[in-house]
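The shown structure was predicted, so the numbers you read here are calculated from the model rather than taken from an experiment. All residue numbers in this chain count up from 1 along the given sequence.
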Amino acid sequence: MSYQWPPDLKCHSDIKLRLGELVRGYYYQLTNGCGVGDCKNSRCRSNPEFQEVDSNACAFEEAKNLARDGFRKPKPVYYFCKHLHYPVDTLHLDVLDFDVLDDAKEKNRSLITCIKSGFCYESLMYSFLKEYNCPANEEDSGIDIESLMKSYKLLSKDEEIKSCMSTTLRALAQHMEGTQSSQGGAYTKSIQLRPIFILFLWPEIGDPDHTPVLTTLFRALCLLGKNMRHTLISWLSKLDYELFYYLVAHVVQNFLTLNLSSSSYIEKIVFHATVVLGMLYEASRLVGGEGKIEYKEFYNDAVNSVVDIKQDYRRWYDSKINGRTGEDWDSFSFTQFSFILDPAAKSMVLSCNAMTQQGEVQSAVVANMLLGGMAAPMITHDDLICVLRIDRSDLIQSSLQQVTLKLDDLKKPLRIQFLGEDGIDEGGVKKEFFQLLTKELFDPLYGMFKYDEQSHFHWFNQNSFENTQEFRLIGIMFGLAIYNSVILDIRFPMAIYKKMLGMPVGLKDLKQLDAELYKGLCDLLEFEDLDAIEEMYQRNFTVESDAYGAQIQVALKPDGENIPLTKDNRDEYVQLYTSYILEDSIKKQFDAFNSGFQEVCGCDIFKMFGPEELELLICGSPDLDFHGLEKECRYDGYTKTSETIKSFWEIVHTMTEDERKRLLKFCTGSDRVPIKGLGSMLFVVARNGDDSDMLPTAHTCFNHLMLPEYSSKEKLREKLLLAMNNCTGFGLMSASAADSPISTWLRNHWAEVLAACKGKESWCLLC
């Protein structure tokens, strides 16, 4: 049966253009149908008896075969339904790549016609599909991404075509923004997201020449309702790594960096771009595990170097106390989108938050005193700070007693006083206290923690005899260290930091703690001879634990002793075994530790940290970059070209790692590196008189090294190493020392010290 050429298809006089129209018309009829439910045309998809073709490519081949009959001689034959309406061009790679034209101009004219009619909102809802009328839902867009990207590549070979694409896609973006703006987030169906998703994947969209298209797209994306945004995030999470990485690094991040670097203020479009980056971050985390791409890819260098983080925090804090979400332009802050901040910036946010809370606690003390009237006791300096008076000879018990007595004061600035010692804590005494306490608590001989010589990690001792209060004390000390910017010399596997943040842990986390056990469990899961598992492993649902030399058997589930390991339950066995090691066996100890930590740090601000970032915050950076320290070092009485200074740095750079740690501890009171690295630390080398037998000294509170001008490099090395190896305890300067070069220097430069320290990692709250 022959059907007529439909009137809504152009009847070109040019044979090749006419052939192209025929093919596209038949392709539409074969993949979409004419829309009449009881259509009798066997070559129309609306016919109930229509035989589906295998793919879009097959449909396209069939369309070409049907089109050829339109050129029969003497009488052409057509197979179009009389009801066929061809309102939009539904696009697919085969349609765009259909090449029947020899002349380049005619080819461009044909493609431009396709672009203008096909890259419109209505057409793109049904274009580039995996199969005919493929549905769109929360889990699947139905779009053939590979075909789409090949089509984009095809349309990028000619400048005229690229220009047409830019104009057409900008109009598309404006249409989507206008539709949602006028109807208040009108998109309610997944299929309506297809055009916006297709536009986002345009490879040219990150080009600065197409910034108007990108900015319009950002605004359109920000207008999506909650449900539609969640669906789009789900679609983004299913992109391959390369395409997803391109969107993050080369589209959104580049846009943010260029905008922030070229403007003296934050524009509204930066807010829109940050929201879109947040969608991509959620998509990355949605896949589970470590994310689709590394979390560091979401840090933005411009945000972390150009933006005033303290001011940004204040904006976030004010919005929070006023009950605003921070997710609209009027209350926007980067702190609200913390994934964009690197550990150094997050550390600064935390410091701002600590100072804010400490200030609020101190204000409350003053307010209570004022409200008490004449009957209230006079307020003293000790009322505004938290002073722990510690017995050095009974460190743990005196610390536990003092913390118990000062629970209400833990959010005040912390000061440590060792009984019988006259040292005034301006930072150095506090550092030493934390070092001594953690060293004693984490000593394997004390029995609270186990230390693995191979992995060099500490782990909770499930058989510890210590009561939970001492584990709680450790948690409190962790919190106090963070709260008071003290770095601890502790190594936990990443699983502990995940647990501290309330994140789930699993088999992969076991690898860092016990690589041998991890490999054994993985081998079990991958064991191919399923029928031989029971005979090969000969295990039941129990685990053996060593308790001071005695072997204790623990059931992984009720009646586990009588449940053999088989091919059918090996997944359950691995899951229960992993859960026992990481969760159940240390539950009592970890819960006590975590409760102490949360007493000090149980606030929303910690939700911005990932486990890797929390480790950096607590333990500092592992990078002993003394070249960075040398570059930023300041001098008093010396210059960087002084012979003593040149000799000093030559000695430092030839030291072993252990010696460099001891030097760092001697100068700063800690052998741990600040989260921003040594180059960010205020470090001063000051001249402390002429050549003498006096040892170098240090003001650990201010990271100042006082160095006599020794007569030779060898003498400098000898005196420096001797001082580094003998640096424990604090005492007041003697009367004669009051006029020493150290005291004189501090008196003359006190204002400079305060100004330089303020806002730095090492600055002291008492300052």
Item to check | Whether Trp235 side chain and Asn137 backbone form a donor-acceptor pair below 3.5 Å | outcome: yes
Next on the checklist: Tell me whether Ser579 contacts the main-chain N or O of Gln575 through its side chain, where contact means a donor paired with an acceptor under 3.5 Å.
Outcome noted: no
Checklist entry - Just checking, is any N or O donor in the side chain of Gln397 or Glu470 under 3.5 Å from an acceptor N or O on the other one? => result yes
Item to check | Arg389 side-chain N/O to Gln402 backbone N/O, donor-acceptor pair under 3.5 Å | outcome: no
Checklist entry - Can any side-chain N or O of Arg194 pair as donor or acceptor with the backbone N or O of Ser141 at less than 3.5 Å? => result yes
Checklist entry - Is it true that Lys412 and Asp409 have a side-chain N and a carboxylate O under 4.0 angstrom from each other? => result yes
Next on the checklist: Taking Arg229 first and then Glu282, would you say they form a salt bridge - that is, a charged N and a carboxylate O separated by under 4.0 Å?
Outcome noted: no
Item to check | side chain to side chain contact (heavy atoms under 4.5 Å, CB included) against Gln253, all qualifying residues, sequence neighbours excluded | outcome: Val248, Leu256, Leu277, Asn300
Checklist entry - Under 3.5 Å, is there a donor-acceptor pair between the side chain of Arg415 and the main chain of Val387? => result no
Checklist entry - For the ring pair Phe449 and Phe442, is the centre-to-centre distance below 6.0 Å? => result yes
Checklist entry - Can you check whether Glu612 reaches Tyr295 side chain to side chain, under 4.5 Å on heavy atoms? => result yes
Checklist entry - More than 12 non-hydrogen atoms from neighbouring residues, nucleotides or ligands closer than 6.0 Å to CE on Met536, yes or no? => result no
Next on the checklist: Among Arg662, Lys661, Arg660, which residue satisfies the side chain to side chain donor-acceptor pair (under 3.5 Å) criterion with Asp658?
Outcome noted: Arg662
Checklist entry - Hey, which of Phe337, Phe339, Tyr299 is the one that makes ring-ring contact (aromatic ring centres under 6.0 Å, His included) with Tyr281? => result Phe339
Checklist entry - Under 3.5 Å, is there a donor-acceptor pair linking the side chains of Asp623 and Ser621? => result no
Next on the checklist: Quick one: does any side-chain atom of Asn569 pair with a main-chain N or O of Pro564 as donor and acceptor, under 3.5 Å?
Outcome noted: yes
Next on the checklist: Closer than 3.5 angstrom, by distance alone: can the side chain of Glu297 be matched with the main-chain N or O of Glu294 as a donor-acceptor pair?
Outcome noted: no
Checklist entry - Ring centres of Phe492 and Phe460 under 6.0 Å apart? => result yes
Item to check | Under the ring-ring contact (aromatic ring centres under 6.0 Å, His included) test, residues paired with Tyr497 that sit two or more places apart | outcome: none
Next on the checklist: With salt bridge (Lys or Arg N to Asp or Glu O under 4.0 Å) as the rule and sequence neighbours excluded, what pairs involving residues 494-509 come up?
Outcome noted: Glu290-Lys498, Lys498-Asp509, Lys499-Glu583
Item to check | Asp342 bridged to Lys346 by N-O distance under 4.0 Å | outcome: no
Checklist entry - Salt bridge or not for Arg570 and Glu534, using N-O below 4.0 Å? => result no
Checklist entry - Just wondering, are more than 12 heavy atoms of other shown residues or ligands nearer than 6.0 Å to CZ in Arg491? => result yes
Checklist entry - Does a salt bridge link Arg472 with Glu599, judged by any charged N lying under 4.0 Å from a carboxylate O? => result yes
Next on the checklist: For the backbone of Tyr580 and the side chain of Ser585, can you confirm whether one donor and one acceptor N or O come within less than 3.5 Å of each other?
Outcome noted: yes
Checklist entry - If only atom types and distance count, is the side chain of Asn540 paired as donor or acceptor with the main-chain N or O of Ile563 below 3.5 Å? => result no
Checklist entry - According to the interplanar angle, ranging from 0 to 90°, do the rings of Phe593 and Phe590 count as parallel (below 30°), tilted (30 to 60°) or perpendicular (above 60°)? => result tilted
Item to check | Donor-acceptor pair, side chain of Lys431 and main chain of Thr668, under 3.5 angstrom | outcome: yes
Item to check | Residues Asp140 and Lys238 bridged, charged N to O under 4.0 Å | outcome: no
